[in-house]
Colleague: 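I have a structure I would like to understand better, so I am pasting it below and will then ask my questions one at a time.
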Amino acid sequence: MHPLTPIMEKLAIPVWGVGPVTALPELREIYAKRVHHQRYPSFAPPPTAERWNPQLFLPDAVSVIVIAVPYYEKEPGGGQCPPEYEGGLARYAWGEDYHAVLHRKLESLGHELAASWGATVWRAAVDSAPLADRQLAVHYGMAAFGWNSCVFTKQYGSWVVLGSLLVDTALPPTAALAPDMPCGSPCRACLQACPTAALIEPYVLDPGRCLAYLTQAAGVFPREFRSRMGAAIWGCDICQSVCPVNQRASASPLSYFGTPELRSLDLSQILSWTRQDFQAVLGRSAAAWRGRTVLQRNAALALGNKGSKTVLPVLKETLQHHGSAVVRASALWSLNRLDPRGTRSLNQVTWEKDADPIVKEEAAFWLQKS
Ligand code: B12
Ligand code: SF4
Ligand code: SF4
């Protein structure tokens, strides 16, 4: 048994890897290529030296501990509203914000290492910190890259979120425990299933095409990707769901991500959320950081993707009364998708009456088409 196992069990950290702090020079070239091809994600920390040299993040660091927290829930939820109104969040957002969960665990780990290993300084990193979480998980032997660019653990597949702790204590390294990935021979399921062709080649994602990015980005949702969003209003799980390695993944033994009410949402209710409603439903989830409007925009588009005319009154109400022009324009897009004939005069009236250029542009687009 590894000497850190009792601490990890106490802190409910099921997957982890440890080793000496070291630079990852291969990242430098990967980032340079992504920047050159304009595929370096805008949500990623800037590609500074700290990303490939964790020592710069904590100069006294001697060891790195990477942890993975599984979030897969076997029970998909749903059925809380009529199917034509039902939409969803990516699984990682079905509960408490993983940043908070991981930071709590990493800080407790730091204190445990202070008490039993003499650690005096440590620094935790989750997401917005410069560290390259996936690369570290692979480097310290606890995960393997898949073609979809996610990393896969042996027991929980890619349904894990990651965080790291740098600490000034020498710790015994862990043995490698990553799965063998069947990518390429014979599998290429993720590349084939991606609805926006965002996986442009193995291990390379074009963030500007990825629904996980587009559903979080503020402003007008790019027209060419609207119908490909389906009913997933935050994030996207498709390239993970189709992966055969994930079919064998165990459900998470932890309860942070299992909030039943968040496994499916009523899209019509989202459109009428006040700020208080938004906070009450999503305030603790990782889907909250962009605010209410982005989710309402996505809900308006998703109702059009569901394909049922039952939702027309909700969309008309949104078009006429919603405070955000982006949400109104999205409702108009869905109205035109669901009922092209019935919406002709509405396009004209909207073009005349709605003063906002975003809505006018949407109405003009449909008027030109008719
Ligand atoms: C920006 C960001 C995004 C962006 C861009 C994603 C991306 N692929 O870059 C967007 C918004 C699209 C996104 C989406 C998602 N994300 Co994200 N995201 C990040 C963030 C903040 C930075 C990622 C980054 O640095 N990208 C830069 C590029 C260059 O890295 P990369 O695409 O991962 O490329 C690596 C591989 O391709 C590999 N590689 C390249 N060439 C080759 C060649 C070979 C042979 C091999 C083996 C490997 C290899 O090396 C690259 C560098 O490590 C990280 C947290 C962090 N600080 O690291 C989370 C993170 C990567 N995201 C995470 C998650 C959960 C997701 C989603 C699943 C969420 C969802 N359900 O909607 C999706 C998955 C989409 C996908 N298929 O990747 C997890 C990853 C969990 C996992 N098991 O892999 C992270 C680590 C957050 C966390 N703390 O847990 N994300
Ligand atoms: S779906 Fe296939 S190609 Fe994609 S990550 Fe999984 S095993 Fe690899
Ligand atoms: S998260 Fe969705 S859109 Fe992004 S690469 Fe995977 S399947 Fe494609």
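What you see below is based on every heavy atom in this structure, not just the backbone, and it leaves out hydrogens, waters and symmetry mates. The model shown is predicted, which means the values in this text are computed figures rather than measured ones. We count ligands from 1, going down the list as the structure has it; atoms in each ligand are counted the same way.
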Colleague: At a 4.0 Å threshold, what atoms of ligand 3 neighbour a non-hydrogen atom of T196?
Modeller: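 Every atom of ligand 3 under 4.0 Å from some heavy atom of T196: 3 (S).
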Colleague: Suppose we measure from atom 52 (C) of ligand 1 to each protein heavy atom; which comes out shortest, and what is that distance?
Modeller: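 For this ligand atom, the closest protein heavy atom is Q135 OE1, 3.2 Å.
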Colleague: Which of the numbered atoms in ligand 3 are under 4.0 angstrom from any heavy atom belonging to L211?
Modeller: 3 (S), 4 (Fe)
Colleague: Quick one: look at C190 and ligand 1, take heavy-atom pairs under 4.0 Å, and tell me if it's side chain, backbone, both or neither.
Modeller: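 Neither part.
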Colleague: Looking at R223, I want to see if its CZ is surrounded by more than 12 non-hydrogen atoms of other residues, nucleotides or ligands under 6.0 Å.
Modeller: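 Yes.
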Colleague: Among protein heavy atoms, which sits nearest to atom 4 (Fe) of ligand 3, and what does the distance come to when rounded to 0.1 Å?
Modeller: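 Protein heavy atom with the smallest distance to atom 4 (Fe) of ligand 3: C210 SG, 2.4 Å.
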Colleague: Which residue owns the protein heavy atom closest to atom 7 (C) of ligand 1, what's the atom, and how far is it?
Modeller: L205 CD2, 3.8 Å
Colleague: Quick one: nearest non-hydrogen protein atom to atom 8 (Fe) of ligand 3, plus distance?
Modeller: C194 SG, 2.3 Å
Colleague: State if L131 counts as touching ligand 1 under the rule of any non-hydrogen atom under 4.0 Å.
Modeller: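 In this structure, L131 qualifies as a contact of ligand 1 - some heavy atom is under 4.0 Å.
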Colleague: Just need the protein heavy atom nearest to atom 62 (N) of ligand 1, so name the residue and atom and give the distance.
Modeller: R134 NH2, 4.2 Å
Colleague: For ligand 1, indicate whether the residue Y203 contacts it via side chain, backbone, both or neither (heavy-atom separation under 4.0 Å).
Modeller: both
Colleague: Classify the angle between the aromatic ring planes of W159 and Y72 as parallel (below 30°), tilted (30 to 60°) or perpendicular (above 60°).
Modeller: tilted
Colleague: Does atom CZ of R34 have more than 12 heavy-atom neighbours from other groups under 6.0 Å away?
Modeller: yes
Colleague: R328 and side-chain hydrogen bond (donor to acceptor under 3.5 Å, both in side chains): which partner among D354, D356, T350?
Modeller: D354
Colleague: Surrounding CD of E29 (heavy atoms of other residues, nucleotides or ligands, distance under 6.0 Å), is the total greater than 12?
Modeller: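 Not buried by this count: 12 neighbours or fewer within 6.0 Å.
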Colleague: Could you tell me whether Y98 and Y92 have their ring centroids closer than 6.0 angstrom?
Modeller: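 Centroid distance Y98-Y92: below 6.0 Å, so yes.
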Colleague: Atom 5 (S) of ligand 2: which protein heavy atom is closest, and how many Å away?
Modeller: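 Answer, as residue, atom name and distance: W147 N, 3.4 Å.
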Colleague: In terms of residue, atom name and distance, what is the protein heavy atom nearest to atom 90 (O) of ligand 1?
Modeller: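 Heavy-atom neighbour on the protein nearest atom 90 (O) of ligand 1: L162 N, 2.7 Å.
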Colleague: Hey, looking at atom 40 (C) of ligand 1, which of Q240, R39, K33, R34 has the closest heavy atom?
Modeller: R34
Colleague: As an exercise, identify every atom of ligand 1 less than 4.0 angstrom from a heavy atom of V161.
Modeller: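 Checking each atom against V161, I get 90 (O).
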Colleague: Relative to atom 71 (N) of ligand 1, which among S149, P47, C236 owns the nearest non-hydrogen atom?
Modeller: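 Heavy atom nearest to atom 71 (N) of ligand 1 belongs to C236.
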Colleague: Nearest protein heavy-atom contact for atom 69 (C) of ligand 1: which residue, which atom, what distance?
Modeller: Y92 CE2, 3.5 Å
Colleague: Are H2 and W16 an aromatic pair, judged by ring center distance below 6.0 Å?
Modeller: yes
Colleague: Given F145, Y98, Y71, which one has a non-hydrogen atom that is nearest to atom 35 (C) of ligand 1?
Modeller: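 The residue whose heavy atom sits nearest atom 35 (C) of ligand 1 is F145.
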Colleague: Check whether any N or O atom of Q216, backbone or side chain, sits under 3.5 Å from an N or O atom of ligand 1, and answer yes or no.
Modeller: no
Colleague: Among all the protein's non-hydrogen atoms, which is closest to atom 2 (Fe) of ligand 3, and how far away is it?
Modeller: C236 SG, 2.3 Å
Colleague: Which residue and non-hydrogen atom of the protein lie closest to atom 57 (N) of ligand 1, and at what distance in Å?
Modeller: D127 O, 2.7 Å
Colleague: Do any N or O atoms from the side chain of T274 and from the backbone of D277 form a donor-acceptor pair under 3.5 angstrom?
Modeller: yes
Colleague: Any atoms of ligand 3 less than 4.0 Å from a non-hydrogen atom of I238? List them with their elements.
Modeller: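 Per the distance check, 7 (S).
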Colleague: Taking the inter-plane angle between the rings of Y213 and F43 on a 0 to 90° scale, is it parallel (under 30°), tilted (30 to 60°) or perpendicular (over 60°)?
Modeller: tilted
Colleague: Is it true that Q135 and W52 share a donor-acceptor pair across their side chains at a distance under 3.5 Å?
Modeller: no
Colleague: Taking the non-hydrogen atoms of N148, is any one of them nearer than 4.0 angstrom to ligand 3?
Modeller: no
Colleague: For atom 6 (Fe) of ligand 3, what's the nearest protein heavy-atom neighbour? Residue, atom name and distance, please.
Modeller: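 Answer, as residue, atom name and distance: C239 SG, 2.4 Å.
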Colleague: How far is atom 73 (C) of ligand 1 from its nearest protein heavy atom, and which residue and atom name does that atom have?
Modeller: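 Of the protein heavy atoms, A212 CB, 3.9 Å lies nearest.
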Colleague: Can you sort out which atoms of ligand 1 are near V160, meaning under 4.0 Å from one of its heavy atoms?
Modeller: 81 (C), 82 (C), 83 (N)
Colleague: From C187, does some N, O or S atom reach closer than 2.8 Å to atom 8 (Fe) of ligand 2?
Modeller: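 No - counting backbone and side chain alike, C187 has no N, O or S atom under 2.8 Å.
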Colleague: Closer than 4.0 Å to some heavy atom of A90 - which atoms of ligand 1 meet that?
Modeller: 71 (N)
Colleague: Going by the atom numbers of ligand 1, which of them fall below 4.0 Å from some non-hydrogen atom of C210?
Modeller: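 Listed by number with element, the hits are 12 (C).
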Colleague: Heavy-atom pairs closer than 4.0 Å: do any link ligand 1 to the side chain of W159, the backbone, both, or neither?
Modeller: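 Answer for W159: neither.
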Colleague: Just distances here: any N/O of Y31 and N/O of ligand 1 closer than 3.5 Å?
Modeller: no
Colleague: Surrounding CH2 of W273 (heavy atoms of other residues, nucleotides or ligands, distance under 6.0 Å), is the total greater than 12?
Modeller: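 It does: W273 CH2 has more than 12 such atoms within range.
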Colleague: Can you name the atoms of ligand 3, numbered from 1 with element, that are less than 4.0 Å from a heavy atom of L205?
Modeller: 5 (S)
Colleague: Using the ring of F57 (Phe, Tyr or Trp, six-membered ring only), decide whether R123 places NZ or CZ under 6.0 Å from its centre and within 45 degrees of its axis.
Modeller: yes
Colleague: Considering only protein heavy atoms, which is closest to atom 26 (N) of ligand 1, and at what distance to one decimal place?
Modeller: P41 CG, 3.6 Å
Colleague: What atoms in ligand 1 come closer than 4.0 Å to a heavy atom of D237?
Modeller: 71 (N)
